[in-house]
Amino acid sequence: MRLVILGATGQVGWQLVQQAPSGVEVIPIARQGTAVTLDLEDLEAIPKVLKTLQPDVVINAAAYTAVDQAEQEPERAQRINGTAVGLLAETLATVGGLLIHYSTDYVFAGHQSRPYRETDATAPLNAYGYSKWLGEQAIATHHPAHLILRTSWIYDLRGKNFLRTMVRLAQTRPLVRVVADQIGTPTAAPFIAQVTYQLLERWQADSSLRGLYHLTPRGSTSWYGFAAKIFDHLRARGYATATLEAIPSSEYPTPARRPAFSTLNCEKLEAVLGTPLPPWEAVLEPLLDQLDPQSVL
Ligand SMILES: NC(=O)c1ccc[n+]([C@@H]2O[C@H](COP(=O)([O-])OP(=O)(O)OC[C@H]3O[C@@H](n4cnc5c(N)ncnc54)[C@H](OP(=O)(O)O)[C@@H]3O)[C@@H](O)[C@H]2O)c1
């Protein structure tokens with residue numbers, strides 16, 4: 001199997017490269033630093049690269065992910081997350097091959113109080129969410145052989161993410177104020193890669209597997225609740241000197257509006273995997289155990 005991984009330097013892309021199953025020919029692609037490079041803004045290059053490589057599977061972990069910045073440049077977000085993704089799908093429809101693509105909980109407005117199912121209505125509140133919704137639509141329109149995996153609140157020990165920000169602030173600030181009225185599910189990049197490969201294995205056994213799936217661990221919390229878990233871990237080891245305070249979103253204004261509740265119901269994925277997904281805390285804890293708090297300073 002020839003597997004192309006786009007966004008190979010991002011949080012999820014990097015883990016996909018690290019965890020790639022043996023016996024698979026992996027072609028990691030990033031904007032720079034890889035043997036084959038691709039900028040998704042170069043729309044003409046997308047079909048050229050894919051037609052040359054003739055992959056069996058493409059996992060697209062590349063995206064415009066700067067949620068607040070997208071409010072200033074919505075067209076660019078749409079070009080990368082919508083138009084380019086549509087071209088990936090159209091090209092694979094002619095070349096053949098499965099497209100695995102990641103989307104986001106931010107396609108939802110967040111007015112529900114029960115976890116969102118794949119069949120629930122989308123209504124993105126911000127430019128990033130809208131651009132990712134466009135990508136989902138383009139794939140569904142152009143290429144039936146796809147797996148779209150919506151996930152949320154991605155973190156890892158590397159990259160730019162909430163976990164690393166909290167670990168740094170806990171050691172450098174007297175007070176850290178974190179919003180407590182946005183509810184969702186923290187999801188580790190290594191976990192996403194692991195589950196993606198489990199799904200790919202299922203697809204190899206039955207290539208009729210396709211469609212939209214929600215992919216997070218079980219349970220939910222607020223950003224404050226997520227921070228509290230990180231702080232507890234650090235305090236127990238003598239690292240957190242800051243006080244952690246819960247605040248409402250109104251006290252932390254951001255350019256992009258975010259859903260108040262965006263927990264995803266992952267029962268459809270659990271049914272395919274034949275096993276329950278772990279609680280988010282059980283995914284976080286082993287990662288925290290590997291953390292050197294001073295490495296983020
Ligand atoms: N982060 C989250 O909390 C979150 C939540 C829900 C869903 N998702 C989705 O999950 C997927 C993976 O997210 P992530 O957190 O791993 O993202 P990430 O760490 O921000 O990585 C995104 C990758 O996309 C690449 N990229 C950006 N613009 C590109 C372009 N024009 N051409 C080629 N590559 C480009 C970046 O390359 P450079 O390194 O060169 O910039 C980077 O390697 C994305 O589809 C994202 O929308 C993310």
Side-chain angles (χ1 to χ4, degrees), residues 4-19 28-34 36-46 49-50 58-70 73 75-85 87-88 99-108 110 116 122 124 126-136 138-139 146-165 182 184-193 195-196 212-217 223 226 254 256 258-259 262-264 266 280:
V4 162
I5 299 174
L6 299 173
T9 53
Q11 297 189 88
V12 172
W14 193 82
Q15 286 294 339
L16 285 165
V17 175
Q18 303 309 306
Q19 294 187 36
I29 298 185
R31 274 197 280 212
Q32 53 187 23
T34 42
V36 181
T37 56
L38 176 63
D39 186 332
L40 290 177
E41 284 195 271
D42 182 356
L43 299 179
E44 284 174 15
I46 294 170
V49 168
L50 291 183
V58 173
I59 309 183
N60 179 31
Y64 181 108
T65 56
V67 176
D68 287 314
Q69 202 180 318
E73 43 180 15
E75 296 84 6
R76 183 153 180 246
Q78 287 174 30
R79 205 158 46 244
I80 297 168
N81 294 345
T83 313
V85 171
L87 271 169
L88 280 176
L99 175 59
I100 303 181
H101 175 77
Y102 299 99
S103 190
T104 172
D105 55 332
Y106 285 4
V107 295
F108 293 116
Y116 281 92
T122 51
N126 56 48
Y128 163 76
Y130 178 67
S131 72
K132 293 293 294 182
W133 177 83
L134 287 177
E136 291 184 359
I139 293 172
H146 68 256
L147 290 165
I148 298 173
L149 310 176
R150 285 193 191 131
T151 187
S152 67
W153 297 20
I154 301 179
Y155 64 91
D156 199 354
L157 297 180
R158 63 180 288 284
K160 191 167 175 281
N161 58 62
F162 183 84
L163 167 70
R164 287 174 54 90
T165 302
Q182 289 169 28
T185 309
T187 306
F191 171 79
I192 295 173
V195 175
T196 301
L212 176 62
Y213 291 86
H214 288 173
L215 190 180
T216 69
W223 289 109
F226 185 16
T254 53
R258 285 160 168 81
S262 59
T263 306
L264 303 175
C266 300
W280 69 269

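Remember, it's 1-based here, ligands and their atoms both numbered in the order they're listed.
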- request: Do me a favour and list the nearest non-hydrogen protein atom to atom 15 (O) of ligand 1 with residue, atom name and distance?
  value: Gln11 NE2, 2.9 Å

- prompt: Hey, mind stepping through Leu88 and His101 against side-chain contact (heavy atoms from CB on, under 4.5 Å) and telling me if it holds?
  reply: CA-CA 10 Å; Leu88 280 176; His101 175 77; 5.7 Å; no

Candidate with minimal heavy-atom separation from atom 46 (C) of ligand 1, of Trp153, Tyr155, Tyr106, Tyr128: Tyr128

message: Quick one, Gln15 with Ile154, criterion side-chain contact (heavy atoms from CB on, under 4.5 Å). Give me CA distance, side-chain angles, the key distance, then yes/no.
response: CA-CA 12 Å; Gln15 286 294 339; Ile154 301 179; over 6 Å; no

query: Does Tyr64, backbone or side chain, put an N or O under 3.5 Å from an N or O of ligand 1?
result: no

- request: Assess whether side-chain contact (heavy atoms from CB on, under 4.5 Å) is satisfied between Asn60 and Leu40, documenting all intermediate values.
  value: CA-CA 11 Å; Asn60 179 31; Leu40 290 177; 4.3 Å; yes

message: Minimum distance, heavy atoms only, to atom 7 (C) of ligand 1: which one of Ala77, Ser103, Ser152, Ala45 is it?
response: Ser103

- prompt: Is Thr65 close to ligand 1, meaning an N/O of one under 3.5 Å from an N/O of the other?
  reply: yes

query: Nearest protein heavy atom to atom 36 (C) of ligand 1, by residue and atom, and its distance?
result: Arg31 NH2, 4.2 Å

query: Who's the nearest protein heavy-atom neighbour of atom 32 (N) of ligand 1, and how far?
result: Leu40 N, 2.8 Å

message: I need the minimum non-hydrogen distance between Cys266 and His214, along with the two atoms involved.
response: SG-O, 3.4 Å

- request: Output the list of atoms in ligand 1 that are nearer than 4.0 Å to some heavy atom of Ile80, sorted by atom number.
  value: 31 (N)

field: Nearest atoms (heavy-atom pairs only) where Thr216 meets Phe191
entry: C-CE2, 3.8 Å

- prompt: What heavy-atom pair brings Ile148 and Ser103 nearest, and what distance separates the two atoms?
  reply: CG2-CB, 4.1 Å

query: Backbone or side chain, does any N or O of Ala62 fall under 3.5 Å from an N or O of ligand 1?
result: no

task: Measure up the Phe162 and Phe226 rings against each other and bin them: parallel (under 30°), tilted (30 to 60°), perpendicular (over 60°).
output: parallel

message: Test your reading of the model: is there a side-chain donor-acceptor pair from Ser131 to the backbone of Tyr128, 3.5 Å cut-off?
response: yes

query: Which pair of non-hydrogen atoms, one from Tyr213 and one from Leu147, has the smallest distance, and what is that distance?
result: CE1-CD2, 3.7 Å

Contact atoms of ligand 1, heavy-atom distance to Tyr102 under 4.0 Å: 10 (O), 11 (C), 45 (O)

message: Distance under 4.0 Å to a non-hydrogen atom of Val12: what atoms of ligand 1 satisfy this?
response: 12 (C), 16 (O)

message: Can you confirm, on distance only, whether ligand 1 has an N/O atom lying under 3.5 Å from any N/O atom belonging to Asp39?
response: yes

- line: Rounded to the nearest 0.5 Å, the CH2 atom of Trp153 sits from the CG atom of Asp105 at a distance of 8.0 Å

- line: The atoms of ligand 1 lying under 4.0 Å from a heavy atom of Thr9, numbered in the order shown, are 39 (O), 43 (O)

field: Nearest-neighbour protein heavy atom for atom 26 (N) of ligand 1, which is reported as residue plus atom name and distance
entry: Ala63 O, 3.8 Å

- line: Near Thr151 (heavy-atom distance under 4.0 Å), the atoms of ligand 1 are 6 (C), 7 (C)

- request: Determine the minimum heavy-atom distance between Tyr64 and Glu73, stating which atoms define it.
  value: OH-OE2, 2.6 Å

- request: Would you mind checking which non-hydrogen protein atom is closest to atom 12 (C) of ligand 1, with the distance to 0.1 Å?
  value: Ala61 O, 3.7 Å

field: For Lys132, the ligand 1 atoms whose distance to one of its heavy atoms is below 4.0 Å
entry: 44 (C), 45 (O), 46 (C), 47 (O)

task: Report yes if some N/O of Ile154 lies less than 3.5 Å from some N/O of ligand 1; otherwise report no.
output: yes

- request: Locate the shortest heavy-atom distance separating Asn126 from Ala256; write the atom from each residue and the value.
  value: CB-CB, 3.9 Å

message: Using a 4.0 Å cut-off to any heavy atom of Leu38, which atoms of ligand 1 qualify?
response: 32 (N), 33 (C)

message: Please check whether Gly10 reaches ligand 1 - meaning an N/O of the residue sits under 3.5 Å from an N/O of the ligand, judged on distance alone.
response: yes

